[in-house]
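Since the structure comes first, as structure tokens, the remarks are kept for the end.
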Amino acid sequence: MASVTMAAVAAHFGRDVERTLAKLPGIVEDARGRGVNLLVLPDATIGGYLLDLHHPVEEGDGIPHSVEIDGPEVAAIMQLAGDMTVCFGIAERAVENGEERRYNTAVCVTGDGVLGVHRKVHLPLGESDVYAAGADFRAFDTPVGRVGMLIDFDKTFPEAARSVALDGAQIIACLSAWPASVTDRSDRIRNDRQAHLFDLYDCARAAENQVYLVSSNQTGVLGGLRFLGQAKVVDPAGEIIAKTWAKGGLAVAEADVAAHIARARRKLNHLAQRAEHTYRLSAPA
């Protein structure tokens, strides 16, 4: 596919799974009407996010509703997707060695099935009280090219995006439920410390790996958290080429992904010019 139309969603998805499944057809059809090939929905699209980051299990409804990857909820989104590639977040329920575990998970589908799954590796604050951590970062093939997925806090770590880029990802889908600062609140979102970091990480991860980054996020309020929105598409130079700001909506951009990445890497190829033998991978004891 020479030209790819990418869209990042800023929207509110709460705990009511049936309400979410009733809301999604309108979003998907809006994207389809705008010629979107890759649609990236937020983290926790199905099941919702935590109500509190510090003590989530102490809240009355602290644990999101979890679903299986092979369950009817994911199948419903596959049916909606058709020939579109759709990434979305779920609270995943999995049984491993006879033990039930929960993961904060990103799933990528088309109408033909599941293309890729990523379980969030980096769990901030109280997330580790609810979710188990994922184990790796991998890219996978899709109709829009090779894609890697990150889930919100994962993008704080350069190694995460670099791992999927080294695995051939041309597009990084970053799905977030990223709230405004809970420790240093600002009256205006644009002055919020977390709003600044959210944009900074998106642009840095795209530029340092010379890839496209499609960044979705939740909006609105859930429990004690106020989400930032700021969905965007970033090009291989780290420039924001489409953005929703704090409101809900679609950030849509069209690009010849392979050609633009090749152009960005023609003289200065960050992946090829790494000096691995010089890098420290762990802190001194």
Does the side chain of [Y] come within less than 4.5 Å of [X]'s, by heavy atoms?
X: F13; Y: I27; value: yes
X: F153; Y: L123; value: no
X: N209; Y: R162; value: yes
X: F227; Y: V221; value: no
X: F140; Y: R138; value: no
X: Q273; Y: L268; value: yes
X: P64; Y: R15; value: yes
X: T244; Y: L250; value: no

Are [X] and [Y] grouped together when hydrophobic residues (ILVMFWY) are joined by side-chain heavy atoms under 4.5 angstrom apart?
X: I171; Y: V233; result: yes
X: V144; Y: V86; result: no
X: V17; Y: M78; result: yes
X: V252; Y: L39; result: yes
X: V114; Y: L24; result: yes

For T110 and T142, run side-chain contact (heavy atoms from CB on, under 4.5 Å): C-alpha distance rounded to whole Å, both residues' side-chain angles, the deciding distance at 0.1 Å, then the answer. CA-CA 9 Å; T110 66; T142 79; over 6 Å; no

Look up atom [atom1] in [X] and atom [atom2] in [Y], then write down how far apart they are to the nearest 0.5 Å.
X: C108; Y: L115; atom1: SG; atom2: CG; answer: 5.0 Å
X: L150; Y: C87; atom1: CG; atom2: SG; answer: 11.0 Å
X: L222; Y: L50; atom1: CG; atom2: CG; answer: 8.5 Å
X: T45; Y: I90; atom1: OG1; atom2: CD1; answer: 10.0 Å
X: H196; Y: Y201; atom1: NE2; atom2: OH; answer: 8.5 Å

Is the side chain of [X] donor-acceptor paired with the backbone N or O of [Y] at a distance under 3.5 Å, no angle test?
X: N37; Y: T5; result: yes
X: H12; Y: T219; result: yes
X: R93; Y: S66; result: yes
X: Q210; Y: H270; result: yes
X: N217; Y: Q230; result: no

Search all heavy atoms of [X] against all heavy atoms of [Y] and return the closest pair with its distance.
X: S215; Y: A8; result: O-CB, 3.3 Å
X: L175; Y: G89; result: CD2-N, 3.6 Å
X: Y131; Y: N104; result: CD2-N, 3.4 Å
X: V40; Y: C174; result: CG1-O, 4.5 Å
X: P179; Y: Q194; result: O-CB, 3.5 Å
X: M6; Y: A255; result: CE-CB, 4.0 Å

Report the C-alpha distance between I151 and M149 in whole Å, list the side-chain angles of each, state the deciding distance to 0.1 Å, and finish with yes or no for side-chain contact (heavy atoms from CB on, under 4.5 Å). CA-CA 7 Å; I151 300 176; M149 295 190 293; over 6 Å; no

Indicate yes or no: does [X] engage [Y] in a salt bridge with an N to O separation below 4.0 Å.
X: D154; Y: K120; value: no
X: E29; Y: R32; value: yes
X: K243; Y: D199; value: yes

So for atom [atom1], which belongs to [X], do other residues, nucleotides or ligands contribute more than 12 heavy atoms lying within a distance under 6.0 Å?
X: R274; atom1: CZ; result: yes
X: Q79; atom1: CD; result: no
X: E99; atom1: CD; result: no

Salt bridge (Lys or Arg N to Asp or Glu O under 4.0 Å), paired with E92, selected from R119, R101, R102: R119

Hey, mind stepping through R146 and D141 against side-chain contact (heavy atoms from CB on, under 4.5 Å) and telling me if it holds? CA-CA 4 Å; R146 198 155 172 83; D141 293 323; 3.0 Å; yes

Audit row: E73, F88, side-chain contact (heavy atoms from CB on, under 4.5 Å) steps and yes/no: CA-CA 11 Å; E73 298 85 0; F88 58 98; over 6 Å; no

Parallel, tilted or perpendicular for F137 and H122, by the 30°/60° rule? parallel

